[in-house]
Amino acid sequence: MSASIENAGAAVAEVLSSPPLKSLPSQPVISIKPPQFWERVEFRQLWSEREVLYFLMWRDLKVRYKQTILGAGWVILQPVLMTLVFGIFLGRLIKVPSDGIPYPVFAYAGLLLWTFVSNAVLSSCYSLVINAHIITKIYFSRVLIPTATIGVRLIDLIIAAAVLVLMMIYYRVPLTWSVLLLPVFVLHAAALALAIGLLGAALNVRYRDVGTLAPILLQVWMFASPLVYSSSIVPAHSRFWYSINPLVGLVDGLRASLFNLPFPRLSMIFSIAVTWPLLVVAIHVFRRMERSFADEI
């Protein structure tokens with residue numbers, strides 16, 4: 001009996017004399033919370049994961065231009081060829097009005113913005129499915145994946161904008177102080193692309209029909225927007241409903257800042273009123289569906 005007590009005392013003494021266990025972190029590694037009515041964005045978490053965003057953008061750029069002959073030239077080729085085609089049929093044959101601006105410059109400015117928005121939306125819609133192997137293995141804010149595609153397309157936009165500068169020099173289109181507002185419209189276009197891209201990406205995980213339907217809807221949206229024609233040809237009685245399209249105020253505002261044209265106040269107000277609330281709703285929907293991405297993808 002005394003021997004067993006002594007052995008127990010020795011075991012207790014050994015435990016007490018052993019080094020303490022590693023303390024737990026002050027902040028939980030994984031936080032499990034009940035679903036809320038309104039999901040907000042954790043900006044602190046996004047900032048801490050900013051290197052993931054840089055990595056995703058750098059990876060997409062390397063994969064796109066790897067083993068290509070033209071490289072970044074493919075970014076310029078798409079709007080240039082579209083401008084050439086529309087310039088022949090609409091600019092020369094049909095002679096579509098272009099608000100006093102040479103038609104190739106007028107059309108390229110609209111098609112440049114459209115190329116960015118359409119490619120950004122499509123890439124965002126497919127981004128989660130394409131990166132399924134990452135989503136199912138490690139955890140990070142999934143919103144960074146569609147955001148990275150928008151960032152890559154912004155780089156493409158900057159590259160393709162060099163052709164627009166050369167065209168304005170060739171056709172002697174002067175620049176005025178209004179060009180300083182150009183970054184505002186680019187930011188607005190990025191917000192619109194991100195809003196639609198987030199909704200498309202989240203829905204495409206659950207319903208793969210979205211990925212098939214997206215290119216068709218984008219084609220319809222293209223011809224319903226003043227990209228290769230001026231919105232001045234729209235009848236006055238239809239101008240109000242036509243301006244509900246957020247791309248109308250965006251394209252017209254971009255051209256106004258570039259070519260010193262009157263700013264379309266009505267369509268710009270509609271564009272702002274549609275784009276930014278849509279972005280808030282898209283973030284909420286994306287955050288609500290984010291929990292099930294790894295299981296459904």
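Note that the CZ atom of Phe286 and the CG atom of Leu203 stand 10.5 Å from one another [nearest 0.5 Å]. To the nearest 0.5 Å, the span separating NE2 on His284 from CG on Leu279 amounts to 13.5 Å. Atoms CZ and OG, from Arg239 and Ser232 in turn, are 7.0 Å apart once rounded to the nearest 0.5 Å.
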Using residues 162-180 as the side-chain source, report each donor-acceptor pair under 3.5 Å to any protein atom, sequence neighbours left out, with the distance given to one decimal.
from, atom 1, to, atom 2, distance (Å)
Thr176, OG1, Ser178, OG, 2.9
Ser178, OG, Ser257, O, 3.0

Acceptor/donor pairs from residues 184-202 side chains to any protein atom, 3.5 angstrom cut, sequence neighbours excluded:
from, atom 1, to, atom 2, distance (Å)
His188, ND1, Trp276, NE1, 3.2
His188, NE2, Ser271, OG, 2.7

Which pairs would a plain distance check flag for residues 150-158, meaning a side-chain donor or acceptor within less than 3.5 Å of a matching protein atom at least two apart in sequence or in another chain?
from, atom 1, to, atom 2, distance (Å)
Arg153, NE, Ser123, OG, 3.3
Arg153, NH1, Asp156, OD2, 3.3
Arg153, NH2, Ser123, OG, 2.9
Asp156, OD1, Arg64, NH1, 3.1
Asp156, OD1, Tyr65, OH, 3.2
Asp156, OD2, Arg64, NH1, 2.3

Pairs under 3.5 angstrom only: tabulate donor-acceptor contacts from the side chains of residues 104-115 to other protein residues two or more places apart or in another chain.
from, atom 1, to, atom 2, distance (Å)
Tyr108, OH, Ala160, O, 2.8
Thr115, OG1, Leu111, O, 2.6

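A donor-acceptor pair under 3.5 Å links the side-chain atoms of Arg142 to the main chain of Ile135, judged by distance alone. Side chain of Asn245 to backbone of Ala224: a donor-acceptor contact under 3.5 angstrom is found.
With side-chain heavy atoms closer than 4.5 Å counting as contact, directly or through intermediates, the hydrophobic cluster containing Ile244 also holds Phe240, Trp241, Leu266, Phe270. Residues near Val129 contribute nothing to a hydrophobic cluster around it, because no ILVMFWY side-chain heavy atom sits closer than 4.5 Å to its side chain.
Criterion: ILVMFWY side-chain heavy atoms under 4.5 Å apart, direct or through other members. Under it, Val220 and Leu227 are not part of a common hydrophobic cluster. Note on Ile94: it clusters hydrophobically with Val228, by side-chain heavy-atom contacts below 4.5 Å among ILVMFWY residues. Under the 4.5 Å side-chain heavy-atom criterion for ILVMFWY residues, no single connected hydrophobic cluster contains both Leu247 and Leu217. Leu56 and Ile138 fall within the same hydrophobic cluster, defined by Ile, Leu, Val, Met, Phe, Trp and Tyr side-chain heavy atoms under 4.5 Å apart, directly or through other members. Hydrophobic clustering keeps Val121 apart from Leu213 (ILVMFWY residues linked when any side-chain heavy atoms are closer than 4.5 Å, directly or through intermediates).
For Arg59, the side-chain hydrogen bond (donor to acceptor under 3.5 Å, both in side chains) partners at least two apart in sequence or on another chain are Asn131. Taking the side-chain contact (heavy atoms from CB on, under 4.5 Å) definition, one finds that Glu49 meets it with Gln45, Val52, Phe140, Ser141, Leu144, sequence neighbours left out. Tyr242 is linked by a side-chain hydrogen bond (donor to acceptor under 3.5 Å, both in side chains) to Tyr229, counting only residues two or more places apart in sequence or in another chain. Residues meeting the side-chain contact (heavy atoms from CB on, under 4.5 Å) test with Pro277, sequence neighbours left out: none.
Pairing each heavy atom of Ser124 with each of Pro146, the nearest pair is OG-O, 3.7 Å. The minimum heavy-atom distance between Leu218 and Ser118, with the atom names listed, is CD1-O, 3.8 Å. Looking at every heavy atom in both residues, Trp221 comes nearest to Pro246 through CZ2-CG, 4.4 Å. Closest approach of Val205 to Phe293, counting heavy atoms only: CG1-CD2, 4.0 Å. Across all non-hydrogen atoms, the minimal contact from Arg206 to Ser292 is NH2-OG, 3.5 Å. Residues Thr149 and Ala120 approach most closely at OG1-O, 4.4 Å, considering heavy atoms.
Within the structure, side chain to side chain donor-acceptor pair (under 3.5 Å) pairs that include any residue of residues 78-89 comprise Gln78-Asn119 (at least two apart or interchain). Residue pairs that meet the side chain to side chain donor-acceptor pair (under 3.5 Å) test with at least one member in residues 84-105, sequence neighbours left out, are Asp99-Ser230.
Summarising the local packing, OH of Tyr207 is surrounded by 12 or fewer heavy atoms from other residues, nucleotides or ligands at distances under 6.0 Å.
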